[in-house]
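The structure appears below as structure tokens.
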Amino acid sequence: MSENVVHLHKPTDPPTPESAPTLLTVVPDAPPVRPVPLWVRSGRAVKAVATHESTRAAARAAARHGLYTFNGGRIVARRAWDGRTGARYERMIRAAEAAGNLEAAEEWEERLQRFRAARHHRRMDLLHSPVEAAKGVAVGAGMSVGVLVALGVVMAVNTGQVADVITPLSATVDFIALLIRIVQVVWGPALTIGPFLALLALWSVGRKQHAAPVWALPANVRNGEGEPITPSIVVKALRDLGVPALRNAIKEMGDAGASMLGPITIAGCGVEVDVTLPSGVSTIEVQNRRRKLAENLTRHEHEVFITIPTAARTVRLWVADSGALDEPIGPSPLVTDDTMTADYAKGKAPWGQDLRGDAAALSLYQRHLLITGLSNQGKTVALRSLALWLSLDRSVQFLMGDLKGVGDWAMFDGLADTLIQGPTDEHVIQVTEMVEGAVDEMNRRIQAPPGTVFPPLIVLVDEAQVAFMCPAKDAEKRPYGGSKANSRYFMAVRKIHNQGRAVNVLMWQGTQDPTNENLPKLVREGAHTRASLALGTESQARMALGDKAVDGGAAPNLLRPGLDQGTLVLASSGIAIPAGQSSITVRTHYIDDDAAEVITDRAKALRDGVTTLHAIDRSVEHDPLADIAAVIGDAPRVRTKDVLARLAARNADAYGSWSFIDLKRVLDDAGAEPHKSDGVMVVSRDRVVRALANRDGEASASAE
């Protein structure tokens with residue numbers, strides 16, 4: 001590179017900062033730098049100016065004010081035309097006929113006939129008015145001259161001057177001449193300024209009506225969130241929805257579409273209105289444009305809900321106050337009322353609030369339950385709040401499997417008969433055997449004498465998709481997961497869905513992201529109460545809630561993941577749903593872990609004591625007396641039917657088919673016979689413990 005270095009100072013000069021060597025490196029292969037053409041730079045400058053925010057704002061302002069004037073002229077012309085013709089009456093007649101209101105159509109027809117008769121009478125009067133007007137002017141002028149002359153005579157008599165006779169008449173002539181001169185002076189400027197005043201008046205009319213496209217309106221009007229919902233705003237939103245038949249029908253209606261709307265009523269944190277669509281417009285066309293309708297109403301998509309009531313060609317719009325759905329609801333009554341109890345058969349669980357702000361309470365009586373949704377949307381909390389309420393009914397028994405295993409259900413330790421927590425295949429096996437034990441208990445109850453009343457048994461599995469997706473198989477090569485006829489978990493759930501309701505054995509499941517693989521069709525359709533939090537697609541919404549609910553307007557896939565946590569769409573006969581709707585949207589109360597522990601402590605105080613099993617013992621060797629002592633736990637006494645249920649849950653293979661006679665035989669042989677307490681047969685803990693101690697003592701003595 002030395003040949004490309006040129007020294008620009010003399011070798012004999014001493015080096016100074018000013019004369020320091022300057023190196024000029026020449027790169028032989030570097031392409032020459034070409035100047036940017038002038039037309040390119042000019043184009044860039046023009047583009048920068050054209051896209052500048054100030055330019056765009058000026059363009060919007062020019063378009064806005066020009067369209068204000070133009071459309072204001074259209075509005076004034078239409079008003080004038082309506083005032084001079086019967087167009088208004090004809091539009092009202094067409095609107096009444098379209099709505100099927102023949103009485104209103106006949107009334108407007110009569111008004112139109114009266115208007116035409118009055119107009120004909122006015123026109124006939126105009127034919128005679130010139131002659132009558134001329135006669136009136138002549139008579140008036142003659143009388144005025146006579147009055148002025150008489151006034152002049154009086155003045156002349158008073159002053160003695162004969163010339164005063166014409167003084168009033170000449171003064172009147174001079175005044176008329178002055179008026180003519182004033183008109184001559186003003187007429188020219190008036191002709192010049194008049195058109196501008198007319199344009200200003202038209203502009204004012206257009207501005208008041210916002211007669212310009214949305215993109216040209218001012219920012220405070222264009223982004224007018226929170227604008228009150230009025231009939232004109234609803235009709236305009238429907239007109240601009242992009243449905244040609246709807247737009248044309250609104251234009252032809254004499255009332256500008258107002259006849260389509262029912263009363264706008266306050267409904268919680270928003271308003272509700274029924275819209276009867278004109279002929280040729282289907283409800284699905286409005287449903288499919290929910291986002292555009294919301295934007296036309298100056299709302300976000302999640303703030304507008306569209307449902308289909310029973311009336312034909314009708315959609316029900318619920319429009320939230322801007323930002324209202326982002327505000328949290330109040331605490332659960334379970335937290336605020338420490339005296340609350342539950343009633344499985346007659347009570348309803350306080351779950352949250354509907355969109356109208358009314359309390360949403362759910363009946364759990366003999367209803368299988370399914371709650372689904374994307375991860376971290378509040379599914380476990382929503383499911384747990386129902387179990388917390390039901391735990392306050394001391395007759396309810398719980399078998400719980402938490403296949404997430406992070407402690408969300410830990411507060412039920414000491415309250416549930418079985419509580420299995422963990423995400424592994426071994427935990428799935430344990431949960432599957434727990435559900436199969438519930439099936440055995442269900443079969444035992446079914447074989448009981450008619451009329452026997454059984455306590456509610458809730459079999460709850462959270463994160464059930466883990467069980468359906470489990471690849472493990474048993475010794476007979478039967479899979480625990482899957483949805484085939486030999487799938488153990490799937491078949492156990494199906495059996496409970498088929499027959500459990502009649503004997504109060506109920507299946508509750510919570511699952512994520514429903515698909516045919518992790519939530520089989522037969523299982524999801526077996527639930528009486530189906531609820532869904534935010535989902536990703538409409539197909540998932542149909543899996544979660546069913547086609548009927550989605551076709552009726554249910555749209556959990558339109559809830560905002562992460563923002564609408566705890567908000568779910570519910571399809572169930574156990575909750576009050578507005579007439580004509582197939583689902584309801586509920587914002588559930590949030591109960592944190594600390595509050596849940598307080599509630600379960602109250603529930604435990606209502607019971608004699610429950611020993612929670614954390615694993616299912618399926619060993620062949622079993623000790624009936626020791627197992628009886630284990631399921632009794634610390635309670636002083638337990639009803640015999642509860643002992644049988646707990647034994648079946650502990651080891652269905654050994655005790656699933658046990659009856660009272662089998663239990664009594666074991667206890668009688670050990671000297672711990674069941675006895676009555678408060679009219680019911682119970683097993684005493686002290687007797688069983690004493691029998692075990694005596695047996696162990698005898699065994700030790702015989703060994704010695």
Side-chain angles (χ1 to χ4, degrees), residues 95-96 98-101 104 224-241 246 249-250 253-278 281 283-287 289-330 351-361 549 552-555 558-559 564 567-571 575-588:
N101 192 344
E225 296 187 5
E227 186 177 6
I229 300 300
T230 62
S232 61
I233 289 177
V234 176
V235 172
K236 187 174 182 298
L238 293 169
R239 184 195 66 193
D240 298 337
L241 204 55
L246 180 59
I250 292 175
M253 292 182 181
D255 57 355
S259 60
M260 297 192 307
L261 307 184
I264 297 180
T265 57
I266 296 177
C269 56
V271 296
E272 188 176 68
V273 59
D274 283 358
V275 180
T276 302
L277 301 176
V281 182
T283 56
I284 192 65
E285 292 181 285
V286 177
Q287 282 185 296
R289 291 169 172 82
R290 175 183 170 186
R291 173 174 293 182
K292 189 171 185 179
L293 177 62
E295 292 173 350
N296 291 346
L297 293 169
T298 65
R299 295 294 190 272
H300 297 290
E301 184 179 11
H302 72 277
E303 294 176 329
V304 175
F305 289 82
I306 305 173
T307 54
I308 309 300
T310 54
R313 289 191 293 111
T314 302
V315 294
R316 178 168 296 159
L317 307 181
W318 184 86
V319 184
D321 298 334
S322 184
L325 294 184
D326 296 327
E327 298 293 331
I329 64 174
W351 211 8
Q353 294 180 359
D354 61 15
L355 294 178
R356 294 162 181 78
D358 299 329
L558 296 181
L559 294 173
D564 290 326
T567 299
L568 52 81
V569 183
L570 174 66
I575 194 170
I577 297 178
Q581 296 181 200
S582 57
S583 65
I584 187 172
T585 301
V586 176
R587 304 173 67 196
T588 59

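All residue numbers refer to positions in the sequence shown, counting from 1. The basis for the numbers below is simple: all heavy atoms, side chains too, and nothing from hydrogens, waters or symmetry mates.
Listed by chain and number, the residues in a side-chain contact (heavy atoms from CB on, under 4.5 Å) with Thr314 are Asp274, Thr276, Pro309, Ala311 (sequence neighbours excluded). Not a single side chain to side chain donor-acceptor pair (under 3.5 Å) links Asn296 to another residue, sequence neighbours left out. For the side-chain contact (heavy atoms from CB on, under 4.5 Å) test, residues two or more places apart in sequence or in another chain that qualify with Asp564 are His302, Leu559, Arg560, Thr567.
Proximity of Thr283 to Val286: side-chain heavy atoms (C-beta onward) are nowhere separated by under 4.5 Å. The closest side-chain heavy-atom distance from Leu558 to Arg291 is not below 4.5 Å. Side chains of Val234 and Ile229 form a contact here, defined as non-hydrogen atoms less than 4.5 Å apart. Contact of the Val273 side chain with the Pro263 side chain is not registered, since no non-hydrogen atoms from C-beta on lie closer than 4.5 Å.
The distance from the CG atom of Asp240 to the CZ atom of Arg289 is 12.5 Å, given to the nearest 0.5 Å. Taking CG from Leu317 and CD from Glu272, the interatomic distance works out to 9.0 Å, rounded to the nearest 0.5 Å. We find the CD-CG distance between Glu285 and Leu246 to be 8.5 Å, quoted to the nearest 0.5 Å. The CG atom of Leu238 sits 7.5 Å away from atom CG of Leu297, with the distance rounded to the nearest 0.5 Å. In this structure, Trp351 CH2 and Leu570 CG are separated by 5.5 Å, a value rounded to the nearest 0.5 Å. To the nearest 0.5 Å, atom CD of residue Gln287 and atom CD1 of residue Ile308 are 4.0 Å apart.
Of all heavy-atom pairs spanning Ala237 and Leu293, the tightest one is CB-CD1, 3.9 Å. Between Ala554 and Val569, the shortest heavy-atom distance links the atoms CB-CG1, 3.7 Å. For the residue pair Ser583 and Ile577, the shortest heavy atom distance occurs at O-CG2, 3.5 Å. Closest approach of Glu303 to Asp321, counting heavy atoms only: OE2-O, 4.0 Å. Nearest heavy atom pair, residue Asp354 against residue Ala360, reads N-CB, 4.1 Å.
In the displayed structure, Ile266 atom CD1 is contacted under 6.0 Å by at most 12 heavy atoms of other residues, nucleotides or ligands.
Between the side chain of Trp318 and the main chain of Ile306, no donor-acceptor pair closer than 3.5 Å is present. No donor-acceptor distance shorter than 3.5 angstrom exists from the side chain of Arg299 to the backbone of Val319, with no hydrogens or angles considered. Listed for the Glu295 side chain is no donor-acceptor partner under 3.5 Å among the backbone atoms of Lys292.
Cation-pi geometry between Arg290 and Phe305 is met: under 6.0 angstrom from the ring centre, within 45 degrees of the axis.
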inquiry  = Checking Ile250 against Met260 for the side-chain contact (heavy atoms from CB on, under 4.5 Å) test, could you report, in this order, the C-alpha distance in whole Å, the side-chain angles of both residues, the deciding distance, and whether it holds?
reply    = CA-CA 9 Å; Ile250 292 175; Met260 297 192 307; 3.8 Å; yes
